[in-house]
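Notes follow once the structure below has been shown.
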Amino acid sequence: MAFSNEQLTRYSRHIILKEFGIKGQKKLSRGRVLIIGAGGLGSPAALYLAAAGVGCIGIVDADDVDLSNLQRQIIHGTDDIGRPKADSARAGMLAVNPETEVRAIRAFVHAGNIMDLIRDYDFIIDGTDNFPAKFLINDACVLAGKAFSHAGILRFNGQLTTYVPGLGACYRCIFKEPPPPEAVPTCRQAGVVGALAGVVGSLQAMEAVKYLAGIGELLSGALLTYDALTTTFRKIRLPRRADCAVCGALPSITAPVDYAQAACDLTL
Amino acid sequence: MPEKHLAEWRPDAWADVTDVVCPATFAKALAALEDLEKGQILEIRLNDGEAARNVPLSIKDEGHLVLKLSDNGDGTCTLLVRKLDD
């Protein structure tokens, strides 16, 4: 595949990076990323990945755009209120880069559809706002041997880690199982700063770009935490757990499972 | 392109980067080099000024050998590069 003048110009700031080059850009153009959640995390991730020239991006979300989303979910505009988020996000990505193939999937992820959803993709971005979905995505990616980026944000704090099959801890190695639903503050109960979602979602996009281009070191086997109030990043090394229920030597989880979900209709 | 320039080094491929602006000039040169084998020579036509100043330096920095930069007298230059790095 040869790049056109327009593509060479569009992606010139990538291509002229020694670590990246033509080869890296070609890998991106062949790359396929699934973003689960077109919310606070998914918005910047989707925009950056489309802009970067990722060949195919799937975006999964069952919700419609709400006025209260717009403080942080920057892929959607005021005119998109009431529109399905997956469709609005698709339009946002295509506006940035019409060359990207974008698949809008209007669905909630659950044990019955997650394996099918992730099958065609190289890298998964977890941009969901609840623990059941996060464990579901982790388990499905471990079972399918897919790399993915986990992230979570609340108030002024964010965290992320990257799972790469065979390397480092999975999300379940770090957090054994979801907390009880009543113990979880949803985003409706606890605020979140919009720019925090931008920082963390952009870090997820960066992990996807590095994974696809095959450059640098991924955030695997480590949890990065970000305290926006004090501007503090911490990288905590986390080993794999040999007895992890899904990625351990003798896994008890061999198929995706659904957990009870705390009521929350807002997607971060 | 005067014959005497070609007589010394015979280019294996040719690229015209006069239709893009920096840094896409360098990106386009890299794309052309990507298709060559190590040791082969690329002839690049570029505009005077910014492109003629920057592209040879960037290509050198990338690890390739700049053989010759000649002024074509028509607002363009011709750059001969040997691909060294993969």
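In what follows, chains carry the letters A, B, and so on, assigned in the order in which the sequence lines appear, proteins first and then strands, with residues in each chain numbered from 1.
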Listing needed: what donor-acceptor pairs below 3.5 Å join chain A with chain B?
unit_1, atom_1, unit_2, atom_2, d
A:N5, OD1, B:K28, NZ, 2.8
A:N5, ND2, B:D19, OD1, 3.3
A:N5, ND2, B:D19, OD2, 2.6
A:K18, NZ, B:D61, O, 2.5
A:K23, NZ, B:E34, OE2, 3.2

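- Under the rule for a side-chain contact (heavy atoms from CB on, under 4.5 Å), the partners of A:S43 that lie at least two apart in sequence or sit in another chain are A:Q73, A:I74, A:I75, A:H76.
- Counting all heavy atoms, side chain and backbone alike, A:I22 lies closest to B:A27 at CD1-O, 3.9 Å.
- Using a 4.5 Å cut-off between non-hydrogen atoms, no part of residues 48-56 of chain A approaches chain B.
- For the salt bridge (Lys or Arg N to Asp or Glu O under 4.0 Å) condition, the pairs that include at least one residue of residues 207-235 of chain A, sequence neighbours left out, are A:E207-A:K210.
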